[in-house]
Each structure stands twice: as structure tokens, then as C-alpha cells.
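Lettering of chains follows the sequences in order, A, B, ..., and the numbering in each one begins at 1. The shown structure was predicted, so the numbers you read here are calculated from the model rather than taken from an experiment. Side chains included, hydrogens not; waters and symmetry mates left out as well; all remaining heavy atoms used.
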Number of protein chains: 2
Amino acid sequence: MGTGRGAGRGVVMVDVARTVGVSQKTVSRVINGAPHVRPEIRARVLAAIEELGYRPNVAARALVMQRTHVIGVLAVATSLFGPASRVFSLEHAARQRGYELALASLPEVSPDELRRAIHGLLARGVEGIVFEVPNHLIEVDDALLGGVPVATSVGQIPHVARQAVIDSSQAEGGRLATQHLLDLGHQTVWHLAGPPEWDAARERCEGWASTLAKAGRQRPPVLYGDWSARSGYQLGRQLAERDDATAVFAANDHQAMGLMCALAEAGRSIPGDVSVVGFDDVPEAEFQMVPLTTIRTDEAIISHAVLSTLVALIEGREPALEQVEVHRELVVRRSSGPPRPTPSGPP
Amino acid sequence: MGTGRGAGRGVVMVDVARTVGVSQKTVSRVINGAPHVRPEIRARVLAAIEELGYRPNVAARALVMQRTHVIGVLAVATSLFGPASRVFSLEHAARQRGYELALASLPEVSPDELRRAIHGLLARGVEGIVFEVPNHLIEVDDALLGGVPVATSVGQIPHVARQAVIDSSQAEGGRLATQHLLDLGHQTVWHLAGPPEWDAARERCEGWASTLAKAGRQRPPVLYGDWSARSGYQLGRQLAERDDATAVFAANDHQAMGLMCALAEAGRSIPGDVSVVGFDDVPEAEFQMVPLTTIRTDEAIISHAVLSTLVALIEGREPALEQVEVHRELVVRRSSGPPRPTPSGPP
DNA sequence: TTGTGAGGAGCGAAGACCACT
DNA sequence: TAGTGGTCTTCGCTCCTCACA
């Protein structure tokens with residue numbers, strides 16, 4: 001049963017036309033700002049629209065225009081700060097450009113789930129898809145996508161013709177963090193990486209590795225987490241046992257928090273015994289019990305760039321930019337400091 | 001000129017019908033699982049659909065069915081953990097019921113922005129709206145909503161006929177937290193509340209106040225924050241100066257983190273000098289340098305309840321439940337403990 | 001001519017109704 | 001008379017064509 005009608009309880013364009021005494025086409029012109037309508041008629045039409053509470057029917061418009069103005073977003077791990085905030089800034093960017101988002105957040109990260117989700121998005125008539133998933137998962141091709149363009153900031157997707165890849169140069173952040181710790185006088189820097197399937201994790205790791213290499217420092221083994229505070233804690237327990245680790249760069253703030261928790265538990269002081277640098281500058285990083293030194297990124301810029309290029313592809317233009325200048329900034333707080341002067345002997 | 005078409009590059013139902021050699025109507029029947037189609041024909045139609053890569057046109061379907069199956073979500077403060085995770089679980093709940101979400105996240109919280117956002121959602125043809133905003137903002141009425149039903153877990157909305165309010169009994173969490181601290185032996189409990197405009201903040205505060213009252217304890221003044229770690233820190237600096245505050249219940253984990261930061265900065269130990277209890281159990285609460293005692297809630301249940309009732313309203317049924325049994329659990333970690341024995345000597 | 005408006009076709013799918021077995 | 005399946009119309013809107021100032 002149910003009324004089920006989304007808006008305007010059956011008031012349609014022709015009703016507006018009739019109350020004003022013009023043709024339906026004229027009302028259409030007014031709504032779409034088309035020319036050839038006298039100002040006086042325009043005003044009367046607008047008044048009638050207001051009075052009747054008329055709202056255009058999106059479905060009818062989409063049908064005839066062959067456009068839905070819907071962009072799909074495929075996201076995983078939306079419980080994490082980064083992915084979640086990216087979805088919201090994508091939504092914001094989309095709305096600014098006259099599009100809306102269709103969200104598909106994957107509960108599990110499997111190629112099969114991904115295919116299903118893509119099917120779902122296409123069924124909803126999306127005109128483009130943004131991938132916010134680790135790109136090892138993305139086993140897609142043009143056949144599956146039905147020619148719909150895609151965009152991502154997580155790295156190139158194979159076998160897809162119409163795609164825009166935004167290189168957000170995450171490595172730069174890794175360099176900043178690592179160099180900061182070296183500048184403080186640490187011999188070398190350990191790294192709690194994110195999952196290597198994530199492009200962002202690989203790039204941050206690469207920035208770390210290259211900085212160490214350039215400084216001619218020895219590179220400790222990479223410890224891989226999964227972005228969670230828990231994984232940071234678990235890896236941190238290993239690190240806490242060895243006293244040659246005086247500086248650690250964690251791939252995100254939550255892993256850094258877990259690390260600090262493990263260090264505190266082991267009785268190691270921050271930054272006295274171990275300096276910690278995170279990545280993201282989540283709002284609460286500043287207010288940890290030891291305020292966290294971290295890398296701040298303007299994620300909104302990346303989202304806007306991703307959306308711009310995708311919209312360009314959708315509208316048949318060549319995407320303007322593929323490299324976006326992202327402002328990355330080191331925010332120094334209390335979790336990083338110079339190493340303790342080494343006495344000649346270990347404890 | 002872009003192609004702009006969302007799916008299936010122009011393959012429409014008639015094409016499927018022609019390749020099989022049946023009428024368009026028969027294909028429609030197969031797709032919608034309608035009766036009166038021989039299994040053999042059904043199989044051939046399905047095969048043709050697969051082969052041609054046919055995808056139903058959502059706009060056309062929506063037009064003729066007078067249904068969009070879109071539910072709007074109006075959210076603010078999506079940078080916070082709570083609102084963000086609620087949006088995602090709403091999305092999940094909606095998808096399970098065959099609906100999709102249209103998201104409108106408000107950058108600023110003003111009644112004017114809210115009206116604009118509602119207009120936007122209605123223009124997108126939403127069949128119902130979920131409010132995830134502090135309810136003091138919600139100045140709406142049926143005229144503005146055009147008769148679209150609403151649902152919320154943030155409290156009753158005045159002047160709206162078709163609405164479902166889910167009472168998630170947040171007060172219970174406040175009681176659990178406060179009682180826990182009293183049970184540990186604290187004389188009384190301070191409260192860092194959330195912004196009083198939020199129903200959730202008021203309820204948690206009420207749970208705290210009533211527990212103190214029932215125990216016959218003196219009630220310290222309420223300190224109001226804004227959910228952020230920063231506000232927790234600022235209020236915490238005030239609290240850190242007075243040594244009669246031995247136990248604090250913060251309205252969410254992030255305020256609790258800020259509080260712990262301020263306490264640590266002031267040299268007060270946790271839980272030795274001050275016990276802290278949060279609310280939400282964000283994933284990193286367990287891995288703070290002093291792991292945070294907090295209240296865990298199954299937010300997903302609330303979201304599902306909100307969506308169920310809204311869908312019931314949309315489909316013209318009477319909503320089944322308005323009160324939902326939410327599992328709230330005290331998670332005891334290291335940030336709470338017994339008070340230090342007072343030097344003057346207890347009785 | 002140059003605005004300014006009306007009328008009609010059709011987008012893709014589903015429902016009412018009819019025509020065969 | 002059931003079960004099948006086809007035909008025609010309709011949803012609300014935009015574009016095209018054409019009529020009138």
C-alpha cells in the first residue's frame with residue numbers, strides 16, 4: 001500500500017503550468033533557466049511553484065536526460081578515521097559539482113564482495129565510481145564496469161580504460177616524519193607500516209626507506225600493521241623489548257597510539273626512551289597523554305581532485321590534472337625528542 | 001559531449017526481448033519474478049540479459065513505480081566517530097532493506113543550512129529522512145517536509161506528523177559509568193558532558209545525575225564540552241586543579257582522552273589520583289597510554305531500528321517498535337580504580 | 001526577422017487488458 | 001478455465017517542431 005511518493009504529493013509540472021496559464025514547456029524553461037521566457041511569466045511561474053510546493057521529479061528528469069548525476073563510492077574500513085573522512089569529503093565535493101554519492105561500504109574485503117558491490121552501484125545507475133579500497137583487491141575490467149569511468153587515489157587500476165589516478169604523494173609525508181626524527185639525532189628510525197596492500201601504506205613506507213637510504217642509515221625491518229591501534233600495540237610490544245629502537249614512525253596515528261600504549265606498559269618513556277611520530281593528525285592526536293607528533297594532510301584537497309577528474313571523465317572532457325599538490329605538514333608535539341645521550345654501556 | 005549514461009550503454013529491455021524472441025513484457029516479468037513465465041523462457045531471458053550485459057534503468061523504473069527507494073540522512077559533525085559510524089551503519093541497514101542512502105552532511109549547524117539540506121534531499125526524491133543532528137536545530141514542519149516521514153534517535157521532533165523516534169536509552173550508560181565509579185569507593189563523580197543541545201548528551205548526563213541522587217551523593221556542577229578531545233582537555237585543566245575530583249565520567253571517549261591529557265600534563269596520575277570513564281568504546285580507547293574504561297554500545301542495533309521504523313512508515317505500515325533494547329556494557333580498563341585512601345583517615 | 005509560446009514525440013519500464021493455448 | 005504471453009498506455013519531463021506575436 002503506502003504512498004511511497006518521495007516529494008510533492010502528485011503536484012507535477014503541468015499543474016504549475018495550468019495555474020499560471022502557460023504551457024508545461026514554459027515551466028520547464030523557467031526551471032532550467034532556459035531563455036525565451038518573459039520576466040513577468042517567469043516570476044508568476046516561480047510563484048506558482050512555491051505556492052503549490054512543486055518539486056521536479058528526479059526520476060523523470062533522469063530518464064529523459066539519460067543522466068543520473070550519481071557517483072558511486074566503494075569504500076572499505078569505514079570505521080577508520082581516514083576512509084570515513086574521505087567519504088564525507090567526497091560527498092561534499094560531489095554536491096558542489098551537482099552530483100550525489102551512492103555509497104557502498106564493504107563489510108569484508110574480498111574480490112567477490114567487491115564484484116557484488118560494483119554490480120550494485122551500476123544497478124543504481126552510477127555514472128562513475130571512486131575506489132577507496134586497497135588496490136590489490138580491485139580485480140575489475142571494462143566489461144565488469146560497463147564502460148563507466150573510475151577514479152582513485154589509491155593507485156593505478158589495471159585493465160580499465162577510463163580512469164583517473166590521483167597521485168597524492170604520500171611518500172612526502174613519510175620523508176618529513178623520518179627526516180624529523182633523524183634531525184633530532186636518532187641513529188635510525190623504525191617503521192610501523194600499514195598493510196602493504198594499501199597504496200598509501202606502501203608510499204609512506206617508501207618515503208621512510210628512501211630518507212634513511214639518503215642519510216646512509218641502516219634500515220630496520222618493516223613491521224606491518226593493519227591501521228588499527230591494536231596492531232600498533234602488538235607490534236609495539238615487540239619494539240618495546242629492544243632498546244636500540246629509539247625512534248619510530250607509525251603509518252597512521254592510531255597505530256602510533258597503540259605503540260605508545262605498549263611502550264608505556266613496558267615502562268619506556270616517550271620521548272625519553274622512544275620518540276614516536278604518527279600520520280594523519282586525527283583530532284585527538286593533539287590530546288593524547290603524550291601529545292603526538294604527526295603529519296597533517298589536507299585530505300579534502302585530494303578528494304576534490306579525485307572528484308574533479310572523475311566528473312571530467314564522466315562529462316567527456318579530458319581530466320585536467322592527475323598530480324595534485326598536497327600540503328603535508330609536520331606537526332611537532334611532545335612525542336618526539338632527541339635520543340638520550342648513550343652512555344658507553346647498555347643498562 | 002559525454003556519453004553520460006550510467007549503465008549498459010543503451011541496452012534496454014526491448015533488446016533483450018528481441019534476442020530471445022519474446023515481448024518486452026515477458027522480460028519485465030522475468031526480472032521482477034512475476035508468475036506466468038515458463039521456466040524455459042525464463043532461462044533464455046536470463047541468459048540473454050547476462051550476454052547483453054543488460055541492466056535495468058533505475059530512473060525509468062522509479063518513474064513508473066512512483067518509488068525511488070532512497071532515504072535521506074541529514075548528519076552533522078561527521079568528523080566525529082559517533083555520527084560517522086552511525087551513517088555507515090545506516091547505510092548498511094538501508095541496503096539490507098532494499099533502500100539506498102542520500103547523504104547530506106551539514107558543514108555548519110544552523111537552522112538555515114538545515115532547511116537548505118532538507119530541500120536538497122527532497123529534490124533528490126527521498127522517501128524518508130533520518131535526522132542525525134542535535135534536535136534543537138530541527139525546526140521543521142510537515143509543510144517543509146512535504147509529508148515525508150522522518151525517523152531519529154536524537155529525540156522527538158515537534159510539528160511533524162509521521163515520525164518515528166527511537167529511544168536508545170542512553171541514560172543507562174550514564175548510570176553504569178557512574179555506579180561503577182561509586183562502587184570503587186569514590187565519594188562522588190564529576191561529569192564532562194557533551195553539548196546540551198544533543199539529546200544523547202542530555203540523557204547521559206541524566207543517567208549520571210540520577211545515579212548520584214539515588215546514592216545520596218553531592219552533585220558537582222556539570223562541565224559542558226563539545227564532544228571533542230580539545231574541549232575535554234580544556235575542561236580537564238580546570239578539574240586538574242582541584243583535588244576533590246577523584247572520579248570523572250566523560251560523555252564520550254574523545255573528551256575523556258582530552259581530560260586524561262590535561263591530567264597527565266598537571267602531573268596527576270590515572271587512576272591513582274583521578275579515575276576516568278568514557279563513553280562509546282572507540283577502537284583506540286583500549287590502547288590509550290592508560291587504557292580507558294568506557295561504555296560500549298551496539299550502535300548498529302539502533303541504526304537498524306531507526307531504519308526499520310522509517311521503512312515501515314514509508315511503506316504505510318505502522319512502525320512496530322519505538323523502544324529498542326540496546327545492549328550497553330561497561331568495559332573496565334585501567335583508567336578507573338579505587339580512590340587513594342584519604343590522609344585524614346576514613347571512618 | 002527575432003523573440004515567445006504551444007503541441008507532440010519519446011526516454012525505459014510496468015500495469016491493465018486482451019488473445020491465444 | 002487456467003495458464004501463458006503480447007499490446008497499448010502511462011509515469012513526468014525535456015527536446016524538437018512549428019505557430020504566433
K.L.:
Starting at the 5' end of DNA chain C, which residue's closest nucleotide do you reach first, A:Thr26 or B:Ala60?
P.N.:
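Its nucleotide being nearer the 5' end, the pick is A:Thr26.
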K.L.:
Is a donor-acceptor contact shorter than 3.5 angstrom present between the side chain of B:Gln24 and the base of C:dA13?
P.N.:
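Indeed, a donor on one side and an acceptor on the other fall under 3.5 Å apart.
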K.L.:
Taking atom C1' of D:dC15 as reference, at what distance in whole Å does atom CZ of A:Arg67 sit?
P.N.:
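One finds 16 Å between C1' of D:dC15 and CZ of A:Arg67, rounded.
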K.L.:
Classify the side chain of B:Lys25 versus the base of C:dG15 as yes if they form a donor-acceptor pair under 3.5 Å and no if they do not.
P.N.:
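Side chain to base: pair found, below 3.5 Å.
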K.L.:
Has the side chain of B:Thr68 got a donor or acceptor atom that lies under 3.5 Å from a matching backbone atom of B:Gly125?
P.N.:
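Indeed, once roles are kept as given, a pair shorter than 3.5 Å links the two residues.
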K.L.:
Does a nitrogen or oxygen in the side chain of B:Asn32 sit under 4.0 Å from OP1 or OP2 of C:dA14?
P.N.:
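Checking C:dA14 against B:Asn32, a side-chain N or O does come within under 4.0 Å of OP1 or OP2.
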K.L.:
Looking at A:Arg38, does any N or O in its side chain come under 4.0 Å of the phosphate oxygens OP1/OP2 on C:dG5?
P.N.:
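So the side-chain polar atoms of A:Arg38 do come within 4.0 Å of the phosphate oxygens OP1 or OP2 of C:dG5, strictly under.
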K.L.:
So, is A:Ser28 near the phosphate of D:dC15, with a side-chain N or O under 4.0 Å from OP1 or OP2?
P.N.:
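So the side-chain polar atoms of A:Ser28 never come under 4.0 Å of the phosphate oxygens OP1 or OP2 of D:dC15.
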K.L.:
Can you figure out which of D:dC13, D:dG6, C:dA6 approaches the side chain of B:Val22 most closely?
P.N.:
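Of the options given, the side chain of B:Val22 lies nearest D:dG6.
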K.L.:
Keeping to residues at least two apart or across chains, list the salt bridge (Lys or Arg N to Asp or Glu O under 4.0 Å) pairs with something in residues 299-314 of chain B.
P.N.:
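Every pair satisfying salt bridge (Lys or Arg N to Asp or Glu O under 4.0 Å) with a residue in residues 299-314 of chain B: B:Arg86-B:Glu299.
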K.L.:
Under 3.5 Å, is there an N or O donor on one side and an acceptor on the other linking the side chain of B:Arg29 and the base of D:dG6?
P.N.:
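A donor-acceptor contact between them is present.
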K.L.:
For the backbone of B:Ala161 and the side chain of B:Asp142, can you confirm whether one donor and one acceptor N or O come within less than 3.5 Å of each other?
P.N.:
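Yes, because the side chain of B:Asp142 sits within donor-acceptor range (under 3.5 Å) of the backbone of B:Ala161.
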